[in-house]
Amino acid sequence: MIYHKHDAVIVGAGGAGLMAALYASKEVNVGVISKLYPTRSHTGTAQGGIGAALGNLEEDHWEWHAFDTIKGGDYLVDQDAAEIMCRDAVGIVLELEHMGLPFDRTPDGKISQRPFGGHTNNVTKQPVRRACHAADRTGHMILQTLYQQCIKNNVQFYDEFQFMDLLVNEGRVVGCVAYEIKTGELHVFHAKAVFFATGGWGRLWNVTSNAHSLTGDAPAVMLRKGYPLEDMEFFQFHPTGIYKMGILITEGVRGEGGVLINGLGERFMARYAPTLKDLASRDVISRAIYLEIAAGRGINGQDYVYLDVRPETVNRYFDEDGKKNPDGTPRRITAADIEKKLPDIADFCRTYLGVDPVKQPMPIQPTAHYAMGGIPTDVDGRVIVDVDNSVLPGAYAAGEVACVSVHGANRLGTNSLVDLVVFGKRGGIAMAQYCKQVDYGPLPPNPEAETRRQLDALLSRTSGTSAAAIRRSMQDVMMRNVGVFRTEKLLTEALEKIRDLKHQYQNVYVADKGKRFNTDLLEAWELGCMLDLAEVTALCALNRTESRGGHARDDYPKRDDVNWLKHTMIFKQGDNYRIGYKPVVITKYQPMERVY
Amino acid sequence: MRVTLRIKRFNPEKDEKPWWGEYEVDVEPNDQLLDALHKVKWYQDGTLTLRRSCAHGICGSDAMVVNGRNRLACKVLMKDLGKKVTVEPIRGLPVIKDLVVDMEPFFAKYRAIKPYLINNDPPPEGRERLQSPADRERFDDTTKCILCACCTTSCPSFWANGDYVGPAAIVQAHRFIFDSRDQATAERLDIMNDMMGVWRCRTVFNCVECCPREINITKAIGDVKKAILEGGVR
């Protein structure tokens, strides 16, 4: 066992972790552990933009952004948090530019902005240009820029260290345990605070935009330790994943004028969302695609539709919708514009589909994309441990792993990037202040014992079930039964299946017994985390008998504000679970029917 | 279709020297090589070790030598590789295990070029630094780099001398040297003008051919050479 001491340890080195590291390291001694090299983090795959009401191209206000966020989240958003996020977003996007982020520019040299789903001018109800972009690799630029700044500021990284356990003693965080992938050594980090920025868990589903590394390790560990997870039933399916592969095609394609087309050649979103059409929010569009497919209107009757960004199609619908440029001329797009504004999308289509998006439409289907729920926190990243908002001293979280809740029941496009920079920064600052006020708590005896027990159990078996087979079964059942549409029957079946898989997992077999870069062992360990999260996702989905945002129950098709305008908090108690509730914070936006 | 993967294996914990493992897998023509490697790891031999994460060519984890050429395993499809596919770790960096190499020497070169914006003027209050679209365009190509190391580890000059800063670090330097907001041009050009800097590039073009982001690396290196000769960016 190797011992380290830092005031604060940050787990995860994507946008939220790096932002927290930048700010916390100005004040206190910080170590960042990540199972990947920081530049491999999934923030880097975000494409279309980061929302902020800069108003560089047309009138916009952060209050409009806040309203869109709250409405987009189907009123499950904590409105105080959304207001903070949208207000802070403006300054923080400028700060990213000052750090060197190479945003695209307007003709007068300002940060360029594009329309995105659910972002509107609150007066005209029309799409507003709010997504600040760097081509279609905005997340890549954010990740690179933040990592660059961390290098400049000498932040200490522990690359390729797998987080294994949180250490809590005498009621507060005293550190964590990590496994060094290269050597197989266990490391105990003695710290006053631990900050979770580990991202999501899209790998629970078999069609996903998420990286293989997104397995929900931190929330699973928190759950096992008896801390709650919030709103786990809300998981976003992004409407436009590449058919069968799940690779994301940014909403920016529709922001640039792309439209969804069914097997009859219809622009079907005009029927589901007459005002915003293809720029309605993601849950609405994913459901519309499923309904089109279920009605036999997929392409050639199959389970996909087309995303069409060919200039002739886009310009035809621009005319039909009367779209104008800021100077009043009719809006137009050329093949060269598409190549320039969406180079990575064009590249993905050519590489993986053999389709040239300026000449052919892209086959797409909804893909598991984003966890709205997660580790509950307040607006300064402090981890909350009960329905009364009590905090666990020294525990922080931000980004996708956290539930503030700014996304409620459905996240708007671009708001993941906003969330991780805003709350990464706020959490980093709050954590540094906390570290300056307290001393190190004593480590518990044998702090690495629980981790060692888990690893020894996985390594000791000489035969058993393969992790890959269990994982595939879990991903299949989650896709089929805990996907875009849910029912009591589907969810009950899913729970039974997941519990059976958890039983099989007790006998999972790891072939690689070595210490050096043992990814066989880690994949098996990660699967244990995913199975726990799959179970609570299905449980919370079964429990919530209404439809709201990304949680659509065929058997309870209406939103039910009387009974369900509240957050789910699920706790593990022994082998069982207990569900509690937390009220939604309402400031000035009264819940109303959600129409796009 | 059924293909044979010949994979260079080496686990210093137990192997005295590298050996070739042969694995038959059934794949779809549109499967990525990464899918095929996962089939081996998940269903035939769990000890096969590789890095991967995003699985669509953005995170830069899974660079390897595929049929003799540096590729990302997630950005090459089986239909383009033939029935017998040879897979080896990228060259010029110490092998940790199988297809996993020690990336630290590569990242040390990256850090050496001061890969961050240097501008000592206080930023404008309440607004962005302005930059014209034309100025932004000058370094657009080099902002695409994902630090996968395909270029540097395909470069004969790097194989010949591991101290050469290598194409990836030059690409990163270019991204700042040609950014109108940056003020450390002279400093970076000095680093690039070092004996182990840009002049070691012999314009072999391996880097350009294998860059999964299609960055015109040799042009970027040429831009930096020109800036050194002209005493700054014109």
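Per chain, numbering begins at 1; letters A, B, ... match sequence-line order.
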Residue among Gln149(A), Met245(A), Met141(A), His42(A) with most heavy-atom pairs under 4.5 Å to chain B: Met141(A)
When rounded to the nearest 0.5 angstrom, what distance separates OH in Tyr116(B) from CG in Asn153(A)? 9.0 Å
Under 3.5 Å side-chain donor-acceptor pair for Lys513(A) and Thr47(B): no
Closest non-hydrogen atom pair, Thr49(B) against Phe517(A): CG2-O, 3.3 Å
Surrounding NZ of Lys79(B) (heavy atoms of other residues, nucleotides or ligands, distance under 6.0 Å), is the total greater than 12? yes
Residue from Gly60(B), Ser132(B), Pro124(B) scoring the most non-hydrogen pairs under 4.5 Å with chain A is Gly60(B)
What option among Glu104(B), Arg111(B), Lys75(B), Lys14(B) has the most heavy-atom pairs under 4.5 Å with chain A? Lys75(B)
With side chain to side chain contact (heavy atoms under 4.5 Å, CB included) as the criterion, how do Leu77(B) and Tyr352(A) come out once you've worked through the C-alpha distance, each side chain's angles and the decisive distance to 0.1 Å? CA-CA 8 Å; Leu77(B) 304 186; Tyr352(A) 298 112; 4.1 Å; yes
Apply side chain to side chain donor-acceptor pair (under 3.5 Å) to the pair Arg137(A) and Thr143(B), showing each step before the final yes or no. CA-CA 10 Å; Arg137(A) 53 177 185 278; Thr143(B) 64; 3.0 Å; yes
With a 4.5 angstrom heavy-atom cut-off, is it the side chain or the backbone of His98(A) that approaches chain B, or both, or neither? both
For chain B, find which of Gly44(A), Ala524(A), Gly514(A) contributes the most heavy-atom pairs closer than 4.5 angstrom. Gly514(A)
Honestly, the part of Ile247(A) sitting under 4.5 Å from a heavy atom of chain B is side chain
With a 4.5 angstrom heavy-atom cut-off, is it the side chain or the backbone of Thr106(A) that approaches chain B, or both, or neither? backbone
Can you tell me if Arg136(B) uses its side chain to pair, donor with acceptor, with the backbone of Phe103(A) under 3.5 Å? yes
Based on non-hydrogen pairs under 4.5 Å, which of Lys114(B), Gln172(B), Arg127(B) is most in contact with chain A? Arg127(B)
Donor-acceptor check, side chain of Lys110(A) to backbone of Glu128(B), threshold 3.5 angstrom: yes or no? no
How many angstroms lie between CD1 in Ile58(B) and CG in Leu143(A), if you round to the nearest 0.5 Å? 11.5 Å
Between Tyr37(A) and chain B, which part of the residue has a heavy atom less than 4.5 Å away: side chain, backbone, both or neither? side chain
Please evaluate residues Tyr110(B) and Tyr147(A) with respect to the criterion side chain to side chain contact (heavy atoms under 4.5 Å, CB included), reporting the C-alpha separation (whole Å), side-chain torsions for both, the decisive distance (0.1 Å), and the verdict. CA-CA 12 Å; Tyr110(B) 166 70; Tyr147(A) 186 54; 3.8 Å; yes
May I ask you to say whether Glu137(B) pairs ionically with Lys340(A), meaning some side-chain N is under 4.0 Å from a carboxylate O? yes
I need the Lys152(A) NZ to Leu117(B) CG distance, nearest 0.5 Å. 7.0 Å
Is chain A contacted by the side chain of Lys144(B), its backbone, both, or neither, given a heavy-atom distance below 4.5 Å? both
Kindly indicate whether a cation-pi arrangement holds for Arg472(A) with Trp42(B), taking the cut-offs as under 6.0 Å to the six-membered ring centre and within 45° of the axis. no
Between His56(B) and Phe348(A), is the gap from one ring center to the other below 6.0 Å? yes
Examine whether an atom of Ile96(B) lies under 4.5 Å from a heavy atom of chain A, and if so say whether it belongs to the side chain, the backbone or both; otherwise answer neither. both
If every non-hydrogen atom of Arg516(A) is compared with every non-hydrogen atom of Pro12(B), which pair is closest and at what distance? NH1-CG, 3.4 Å
All heavy atoms of Pro102(A) vs all of Phe139(B), minimum pair found to be CB-CE1, 3.6 Å
Using a 4.5 angstrom heavy-atom cutoff, name the option from Glu95(A), Met99(A), Lys515(A) with the most pairs to chain B. Lys515(A)
Between Arg181(B) and chain A, which part of the residue has a heavy atom less than 4.5 Å away: side chain, backbone, both or neither? side chain
Measuring heavy-atom distances to chain A, does Asp182(B) have an atom under 4.5 Å in its side chain, in its backbone, in both, or in neither? neither
Where does Thr351(A) contact chain B at under 4.5 Å (heavy atoms): side chain, backbone, both or neither? both
In Å, rounded to the nearest 0.5 Å, how long is the span from NZ of Lys97(B) to CD1 of Ile181(A)? 11.5 Å
Expected output: side-chain Glu97(A) to main-chain Arg129(B) donor-acceptor under 3.5 Å: yes
Least distance between heavy atoms, Pro115(B) atom then Gln148(A) atom: O-CG, 2.8 Å
Non-hydrogen atoms of chain B under 4.5 Å away: do they reach the side chain of Ile242(A), the backbone, both or neither? neither
Identify the two heavy atoms, one from Gly100(A) and one from Asp179(B), that lie closest to each other, and give their separation to 0.1 Å. O-OD2, 4.4 Å
Do you see a donor-acceptor pair shorter than 3.5 Å between the side chains of Ser213(A) and Arg52(B)? no
Quick check for you: among Ser61(B), Cys148(B), Ala134(B), Gly126(B), which has the greatest number of heavy-atom pairs under 4.5 Å with chain A? Ser61(B)
To the nearest 0.5 Å, how far apart are NE2 in His38(B) and CD in Glu523(A)? 6.0 Å
Within a 6.0 Å radius of atom NZ on Lys39(B), are there more than 12 heavy atoms belonging to other residues, nucleotides or ligands? yes
Between Thr39(A), Val510(A), Val90(A), which shows the greatest number of heavy-atom pairs under 4.5 Å with chain B? Thr39(A)
Got a sec: does the CD of Glu22(B) have more than 12 other heavy atoms crowding it under 6.0 Å? yes
Return yes if some donor-acceptor pair links the side-chain N/O of Arg40(A) with the main-chain N/O of Cys59(B) below 3.5 Å, else return no. yes
Using non-hydrogen atoms only, which part of Pro343(A) is less than 4.5 Å away from chain B: side chain, backbone, both, or neither? neither
Which distance, rounded to the nearest 0.5 Å, do you find between the SG of Cys54(B) and the CG of Asn210(A)? 11.0 Å
Is any side-chain N of the basic residue among Asp344(A) and Arg213(B) closer than 4.0 Å to the acidic one's carboxylate O? yes
Heavy-atom distances under 4.5 Å only: say whether Arg175(B) touches chain A with side chain, backbone, both or neither. side chain
When you look at Leu147(B) and Gln144(A), which way does the side chain to side chain contact (heavy atoms under 4.5 Å, CB included) test go after all the steps? CA-CA 10 Å; Leu147(B) 295 164; Gln144(A) 294 276 325; 4.2 Å; yes
Answer yes or no: does atom NZ of Lys109(B) have more than 12 heavy-atom neighbours from other residues, nucleotides or ligands under 6.0 Å? yes
